[in-house]
Amino acid sequence: MNVLLLICLLLAAGLVAWASERIRPNLPNWVALTTFVLATLWVVFAWLSGPHEGGLYAEQFYSWIPRFGINVILKVDGLSLMLIGLTMLLGAVAVVSSWTETTTRRGFFQFNILWVMAGVVGVFSAFDLFLFFFFWEVMLIPMYFLIAIWGHEDRSYASMKFFLFTQISGLLMLVAIVALVWIHYSTHGVLSFDYHTLLGAELDDSVARLLMLGFFVAFITKLPSVPLHTWLPDAHTQAPTAGSVILAGILLKTGAYGIVRFVVTLFPEASRDFWIYGMALGVASILYGGFMAYSQSDFKRLVAYSSIAHMGFVLVGVYSFNDLGMQGAIVTMIAHGFSTAALFMMAGALQERLHTREMSKMGGLWVKAPRMGAVTMFFVIASVGMPGLGNFIGEFLVLLGAFQKNVFLTICAAIGIVVAAVYGLSLMQRSFQGTPNPDVPEMRDFAFREMSAMIVLMVALVWLGVYPQHVLSMTDAILPMLGVAP
Amino acid sequence: MGYWLFWIAGGIAILSAFAAITRMNASHALIYLVITLLSIAVIFFLLGAPFAAALEIVIYAGAIVVLFLFVVMMLNLGRRAVERERQWLLPGIWVIPAIMAGALFIVLGIALSGSEHEAVIEGTMVGPKEVGRSLLGPYILGVELAAVLLLAALVGAFHLGRRYIEERREK
Amino acid sequence: MEGPLGIPLEHVLYLAITLFLIGVVGILIRRNVIFILLSLELMMNASALAFVAAGAYWQEADGQVMFMFILALAAAEVAVALGLVVQLARRFRTLDIDAASEMTG
Amino acid sequence: MEMLWLVPALPLAGFLVLFVTEGKLPKIAVACIGAGCVGFSAVVAAVVGWEYLTSGTDAYSQVMWTWMAVGEFKVEATLYFDYLALVMVGVITGVGFLIHLYATGYMWEEEGYSRFFAYMNLFVFAMLLLVLGDSLLLLFLGWEGVGLCSYLLIGFFHKDPANGYAARKAFVITRVGDTALILGLLLLFREVGTLGIQESLETARSIWPDGSLMNTAIALLLLGGAVGKSAQVPLQTWLPDAMAGPTPVSALIHAATMVTAGVYLIARMQGIYLLSEHAMLCVAFVGLATLFIASFTALVQSDIKRVLAFSTMSQIGYMFLALGVGAWSAAIFHLMTHAFFKALLFLASGSVILSLHHEQDMHKMGGLWRKLPIPFWSMVVGSIALAALPFTSGFVSKDAILLTAADAPELGMVFWGGAIAAAFMTSLYTTRMMVLTFFGETKMEPHDPSKANMWLPLLVLAALSLGGGWFGFTVLDSLFHDHGVHFGLHLDNPIAIATMCIPLLGLVAGYLIFYANVFDRKGIAESGVGKAVGRFWFVGWGFDKIYDSLVVNPFRWLARVNKGDFVDLLFRFTALVARILNNLFSISQNGRLRWYALTMFGGLLLAIVFVAII
């Protein structure tokens with residue numbers, strides 16, 4: 001599997017999709033969908049054919065700017081492959097979900113989606129810090145366009161907020177990257193942005209802590225964790241459905257991935273000393289996110305806050321520094337990708353039908369659209385953490401891992417499960433159950449197109465919940481690399 | 001001798017420059033500007049830069065200011081413009097610029113008088129030949145850039161003027 | 001020209017400063033665009049004078065080269081600026097520079 | 001016994017079929033699938049049980065697949081079948097099938113027929129997984145699964161927001177208990193290193209031969225889970241509201257099976273509890289408190305299903321008491337008999353309710369005994385079993401509990417006294433319920449909807465309620481290896497005689513008070529003290545109010561106040577400062593050329609002065 005080829009494919013497909021709008025307005029959708037389905041199959045094929053020596057599924061090296069030690073180093077290990085697979089699958093789902101929603105400038109719309117995805121794939125596979133930062137920015141700007149052009153009523157505020165938060169935190173990371181490279185250069189005399197070279201950088205404790213914080217802040221902004229989360233509810237709420245799906249399903253994962261791949265490994269000592277803060281932030285996210293989710297009356301906003309709570313589990317898991325927590329964090333990332341993406345699709349479908357996201361204007365929708373009700377119920381239950389579905393596996397493993405580290409914080413995190421039940425069921429009650437709202441017009445139920453996307457996600461969640469071993473064994477091998485004892 | 005010539009020309013330049021910025025009638029002001037330019041040309045000549053002096057007269061006084069005059073004539077300002085100038089140029093408007101200019105003069109004067117050794121210009125002639133050598137030698141890049149600048153100005157001026165002409169034609 | 005001229009460099013620079021400041025004051029007190037451009041020409045000449053004086057002091061051609069560049073600059077500036085003046089006069093029916101103050105922050 | 005996996009798989013298949021067909025099947029097919037798969041499951045369970053009993057092995061386990069494995073943490077999806085599982089599976093599939101059968105008639109007229117049976121089948125699947133799972137995590141899967149189905153079925157009539165509220169209340173409150181359970185699992189794994197039930201019990205015995213603080217902590221955390229699920233004090237408030245669900249649901253989930261999951265959990269983990277006296281004591285006191293509180297509350301309810309709900313709570317309290325005093329077999333036995341007679345009571349009351357067009361207020365019923373003979377006689381049988389009149393199944397099991405409790409060291413008489421007082425109250429409220437419902441003047445004219453599929457389960461359950469006690473003598477006593485539990489009649493012991501007679505006394509008292517009106521009942525109820533006490537009992541001793549004012553209302557208030565997210569204020573403030581500065585500076589950006597020139601000149605002046613000074 002050649003990752004660069006995959007990225008180029010996505011970039012090229014973006015251009016083709018943009019151009020194809022002139023032939024027929026619906027053609028960009030087909031181009032994007034085909035690309036994502038093919039890419040998904042490609043990833044699945046790579047997965048089935050197994051890793052090469054050294055546990056890598058792909059490895060590419062191209063010289064880029066040799067003078068500064070910047071190269072195109074792309075590697076795909078189990079974690080990366082899984083996240084890339086998730087990305088491609090959710091890409092297809094996002095395209096399906098916005099099939100009829102977007103009516104203006106579809107070509108440019110799909111172009112942006114494809115380019116975001118290209119950036120994300122790059123982020124998940126770049127093993128050169130400069131390249132990583134490059135892709136980090138590549139995925140940011142099309143996303144900004146997606147929100148700013150096709151968003152809802154408050155889009156300019158939301159997109160600007162999104163942009164500023166991620167950009168400023170990204171700059172912090174850039175500073176940290178450059179400083180790290182410089183320090184490595186001044187001690188070893190080798191100017192290199194290569195991840196594996198930089199792993200050997202010898203840093204003072206205080207310096208390492210500062211640099212680690214630079215990365216950490218960038219990633220928890222993206223994750224996001226309390227208190228840097230406030231861009232997310234606005235961005236999610238205002239983004240078009242596909243944008244929300246991508247944001248929640250994938251872009252948040254880049255933050256988590258960054259922590260796992262870079263913060264923990266590049267600064268092992270500093271991160272280990274930092275565990276209590278990381279974990280506490282995670283717990284704060286869980287509780288505060290859940291609490292805020294309950295207080296929302298906007299369907300999408302509620303789901304957005306619930307994402308914060310779920311990503312808190314990731315943070316807790318990573319900072320438990322053991323195999324259970326780490327694996328739990330990874331499974332949570334994947335499962336959250338599926339469940340929340342589906343809920344955002346549901347919010348989008350409701351908005352398309354009812355032209356509102358306000359739950360006080362819904363109520364009793366089950367009567368009108370039983371399929372949508374059942375599907376929503378499924379995903380609400382999944383995100384509440386029902387055993388047998390993916391989210392539970394992740395959250396339980398996280399709790400199990402965290403419990404070894406700190407009992408008190410684990411208890412607080414476990415309370416988050418109760419809060420999840422409170423907001424999840426309140427979402428269900430306010431939108432689909434209760435007295436049917438007489439003001440709600442007749443709405444059509446899910447048809448084949450939407451249902452098939454949902455079924456894919458449902459099957460994925462059940463699979464993850466009943467047999468998570470596929471995912472667990474893929475990341476098992478790389479746990480030592482992530483600084484976690486197996 | 002040269003020194004006195006210099007100050008005579010310089011005094012004329014200052015006086016006429018002052019007159020140029022205070023006149024109400026634009027044409028008169030431009031004529032005063034020409035006088036300033038000519039006195040500066042004299043100074044150039046005294047300083048041993050005959051080529052610069054010639055260009056000052058030919059291009060500055062001869063071409064640029066004439067261009068000004070053309071525009072002034074084209075706009076056909078007349079007596080009412082003079083009246084309006086009189087209304088605009090109130091005595092109060094002088095205060096702040098004058099204070100600041102005075103301050104700057106004092107500061108620069110202090111800075112200049114601070115130097116120890118006497119720097120005296122000998123007045124040795126540096127002729128067109130040296131200037132040409134220098135221009136097309138080390139400064140060739142500057143010349144190219146100046147050419148680009150002039151081209152840009154040409155295009156810009158053409159663009160601005162063309163719109164004017166077209167709009168007139170429509171009327 | 002032969003022989004020692006005997007003009008102190010400072011004096012030439014005083015002259016240049018004086019002319020420059022007159023130009024500045026001109027810009028600040030006039031509202032008519034033509035006068036502002038005229039003041040601008042004065043300032044440019046003042047700086048050109050400083051260049052040429054410095055070049056003469058060192059007995060090098062560089063001062064005059066700079067003068068040439070200033071000349072080119074002035075020519076370009078005048079060409080565009082006068083085009084703008086014509087447009088301004090047409091559009092606002094006045095030469096008052098304050099009339100064209102729409103480009104606010 | 002290889003067919004064991006089929007037992008849970010059949011209901012799951014039923015659920016999947018009903019789920020996928022989205023209610024497009026005809027009702028008759030839905031009924032066949034819904035009840036049929038549970039019936040088949042019961043048959044398979046019977047076969048497996050028979051093989052198990054005849055094989056003479058202690059336990060049989062069936063590994064299906066490795067659920068997850070991370071480092072040392074490994075969870076197998078394993079089914080484990082032993083005596084305890086046998087009883088539980090028998091109750092779940094047997095009683096479950098009867099209730100499904102009943103529900104095919106009861107729900108016939110309702111919307112969402114298929115959805116109902118899908119949920120019911122899913123419930124049976126989850127419940128079976130709960131009792132068959134050999135890993136605590138698998139148990140937890142079933143545990144949450146039944147909680148989910150309970151939520152779905154309580155809120156089955158989702159158009160009424162009150163039902164939705166009751167459903168959410170049930171789910172959230174049990175979730176509180178579940179959180180304790182999860183923490184228990186975490187602690188167990190940390191201390192013992194496994195979540196396999198048998199494995200962990202063995203390890204616990206070997207590493208804590210004399211018990212330890214950790215052991216007690218684990219036991220108490222598990223108890224927390226059990227308390228939530230089994231509606232015991234202090235997490236009991238959800239059960240009465242859960243009666244918003246259709247009556248078969250109340251019978252299956254909120255009487256016969258799910259609410260007894262806590263009892264099952266403690267019985268299953270008895271190895272942990274046996275090592276900790278304090279934990280045992282806690283279990284006993286939880287049971288005692290619940291049975292006491294609930295039986296008083298049941299006396300003043302007017303909704304027939306709420307009476308039964310409080311009665312369920314108090315009966316489960318008996319089971320907890322039994323667990324607490326170490327009478328494991330008596331607890332499980334009472335679980336079984338309670339499943340019989342409480343299911344019977346619910347189904348019979350369901351028939352009454354259905355015939356009165358969903359009227360549940362007992363004060364509006366009366367005089368129905370002639371008009372609804374089958375429900376009436378079923379209720380009579382159920383009532384006497386509930387009141388533990390001699391020779392009914394309820395008597396056998398409850399007697400065993402009370403006598404064992406009386407034998408408990410030190411606190412024996414406390415346990416016995418509390419329990420027997422509650423038993424008296426049980427007779428009293430049962431009588432009241434029967435009198436109000438079936439005797440007196442007829443206030444509403446019933447229509448009898450009874451069909452064979454509805455009265456047949458009643459008959460079977462009535463027979464089991466009467467004769468189910470024989471299981472205790474014949475089978476159970478020999479299966480559980482705990483001795484010192486008193487099954488049978490003990491006429492030589494005054495306590496035993498009192499235990500037998502006091503329920504009878506209650507019956508007589510009930511007859512005198514509610515039927516013969518010997519006392520001025522109204523006068524007492526309307527006097528100041530009577531009113532206050534009545535109200536206090538009626539609201540279930542005020543637990544709801546306490547939780548509302550301590551937790552629910554503050555949470556809601558905070559949620560309302562903080563809807564805008566106060567953290568965002570920080571960032572909004574930053575943005576505001578930037579905007580104010582922007583406005584400030586854009587004043588200078590006024591588009592006036594001479595102003596710009598002046599400021600430039602000023603800046604130049606400053607710069608030169610600055611340089612000159614330096």
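Letters A, B, ... mirror the listed sequences (proteins, then strands); counts begin at 1.
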Peer 1: Do the side chains of B:W94 and C:L28 get nearer than 4.5 Å, heavy atoms only?
Peer 2: no
Peer 1: Please look at B:R133 and chain C and tell me whether the side chain, the backbone, both or neither of the residue comes under 4.5 angstrom of a heavy atom of that chain.
Peer 2: neither
Peer 1: A side-chain contact here means heavy atoms from C-beta on lying under 4.5 Å apart; do C:V86 and B:L160 qualify?
Peer 2: no
Peer 1: Measuring heavy-atom distances to chain B, does C:A75 have an atom under 4.5 Å in its side chain, in its backbone, in both, or in neither?
Peer 2: both
Peer 1: Which atoms of C:V24 come close to chain B, meaning under 4.5 Å heavy atom to heavy atom: side chain ones, backbone ones, both, or neither?
Peer 2: neither
Peer 1: C:Q59 and B:T124: which non-hydrogen atoms are nearest, and at how many Å?
Peer 2: NE2-OG1, 3.1 Å
Peer 1: Quick check on the interface: out of C:V80, C:T18, C:L38, who has the most heavy-atom pairs with chain B under 4.5 Å?
Peer 2: C:L38
Peer 1: Does any part of the side chain of C:R30, heavy atoms only, come nearer than 4.5 Å to the side chain of B:E85, both counted from C-beta?
Peer 2: yes
Peer 1: Passes side chain to side chain contact (heavy atoms under 4.5 Å, CB included), C:V25 versus B:M100? Steps please.
Peer 2: CA-CA 9 Å; C:V25 172; B:M100 288 174 79; over 6 Å; no
Peer 1: For the aromatic rings, using the six-membered ring if either is Trp, is the centroid distance between C:F67 and B:F51 under 6.0 Å?
Peer 2: no
Peer 1: Name the member of B:G10, B:A98, B:A17, B:A146 that forms the most heavy-atom pairs with chain C at distances under 4.5 Å.
Peer 2: B:A17
Peer 1: Relative to chain C, which segment of B:V71 carries a heavy atom at a distance below 4.5 Å: side chain, backbone, both, or neither?
Peer 2: side chain
Peer 1: Let's test your reading of the structure: which of C:D96, C:L95, C:V85 forms the most heavy-atom pairs below 4.5 Å with chain B?
Peer 2: C:D96
Peer 1: For the residue pair B:E122 and C:Y57, confirm or rule out a side-chain donor-acceptor distance under 3.5 Å.
Peer 2: no
Peer 1: Hey, is CH2 on C:W58 packed in by over 12 heavy atoms from elsewhere, all under 6.0 Å?
Peer 2: no
Peer 1: Provide the closest heavy-atom pair for C:I34 versus B:F68 in the form atom of the first, atom of the second, distance.
Peer 2: O-CE2, 4.1 Å
Peer 1: Answer yes or no: does atom CZ of B:F70 have more than 12 heavy-atom neighbours from other residues, nucleotides or ligands under 6.0 Å?
Peer 2: no
Peer 1: Relative to chain C, which segment of B:V143 carries a heavy atom at a distance below 4.5 Å: side chain, backbone, both, or neither?
Peer 2: both
Peer 1: Shortest non-hydrogen contact from B:G2 to C:I7?
Peer 2: O-CD1, 4.2 Å
Peer 1: With a 4.5 Å limit on heavy-atom distance, are the side chains of B:F44 and C:Q64 in contact?
Peer 2: no
Peer 1: Is C:L84 close to chain B through its backbone or its side chain, or both, or neither, when contacts mean heavy atoms under 4.5 Å?
Peer 2: both
Peer 1: Would you call the rings of C:Y14 and B:F105 parallel, tilted or perpendicular, taking 30° and 60° as the class edges?
Peer 2: tilted
Peer 1: Report the option among C:A53, C:A89, C:G23 that has the most heavy-atom pairs separated by less than 4.5 Å from atoms of chain B.
Peer 2: C:A53
Peer 1: Contact between B:I21 and C:F35 at the side-chain level, heavy atoms closer than 4.5 Å - yes or no?
Peer 2: no
Peer 1: What part of B:I93 gets closer than 4.5 Å to chain C, counting heavy atoms only: side chain, backbone, both or neither?
Peer 2: both
Peer 1: Do C:V12 and B:F6 come within less than 4.5 Å of each other through their side chains, counting heavy atoms only?
Peer 2: yes
Peer 1: Output the option from B:A29, B:G156, B:A152 having the highest count of non-hydrogen pairs under 4.5 Å with chain C.
Peer 2: B:A29
Peer 1: B:L149 versus chain C, heavy atoms under 4.5 Å apart: side chain, backbone, both or neither?
Peer 2: both
Peer 1: Of the backbone (N, CA, C, O) and the side chain (C-beta and beyond), which part of B:I59 lies under 4.5 Å from a heavy atom of chain C, both, or neither?
Peer 2: side chain
Peer 1: Got more than 12 heavy atoms from elsewhere within 6.0 Å of CD1, B:I96?
Peer 2: no
Peer 1: Looking at every heavy atom in both B:I121 and C:A56, which two are closest together, and how far apart are they?
Peer 2: CG2-CB, 3.9 Å
Peer 1: To the nearest 0.5 Å, how far apart are CG in C:L19 and CD1 in B:I40?
Peer 2: 5.0 Å
Peer 1: Could you look at B:L145 and say if it's the side chain, the backbone, both or neither that has a heavy atom under 4.5 Å from chain C?
Peer 2: neither
Peer 1: Between B:I43 and C:V52, is there a side-chain heavy-atom distance shorter than 4.5 Å?
Peer 2: no
Peer 1: C:I29 versus chain B, heavy atoms under 4.5 Å apart: side chain, backbone, both or neither?
Peer 2: both
Peer 1: If you count heavy-atom pairs within less than 4.5 Å of chain B, which of C:L73, C:I17, C:L13, C:T94 leads?
Peer 2: C:I17
Peer 1: Looking at side-chain heavy atoms only, is the closest gap between C:M68 and B:L135 below 4.5 Å?
Peer 2: yes
Peer 1: Supply the atom-to-atom distance C:E10 CD to B:L108 CG, rounded to the nearest 0.5 angstrom.
Peer 2: 13.0 Å
Peer 1: Can you say whether C:E41 sits under 4.5 Å from chain B via the side chain, the backbone, both, or neither, judging by heavy atoms?
Peer 2: both
Peer 1: Taking all non-hydrogen atoms of both residues, which atom of C:A79 and which atom of B:A157 are closest, and how far apart?
Peer 2: O-CB, 3.8 Å
Peer 1: Examine whether an atom of C:L37 lies under 4.5 Å from a heavy atom of chain B, and if so say whether it belongs to the side chain, the backbone or both; otherwise answer neither.
Peer 2: both
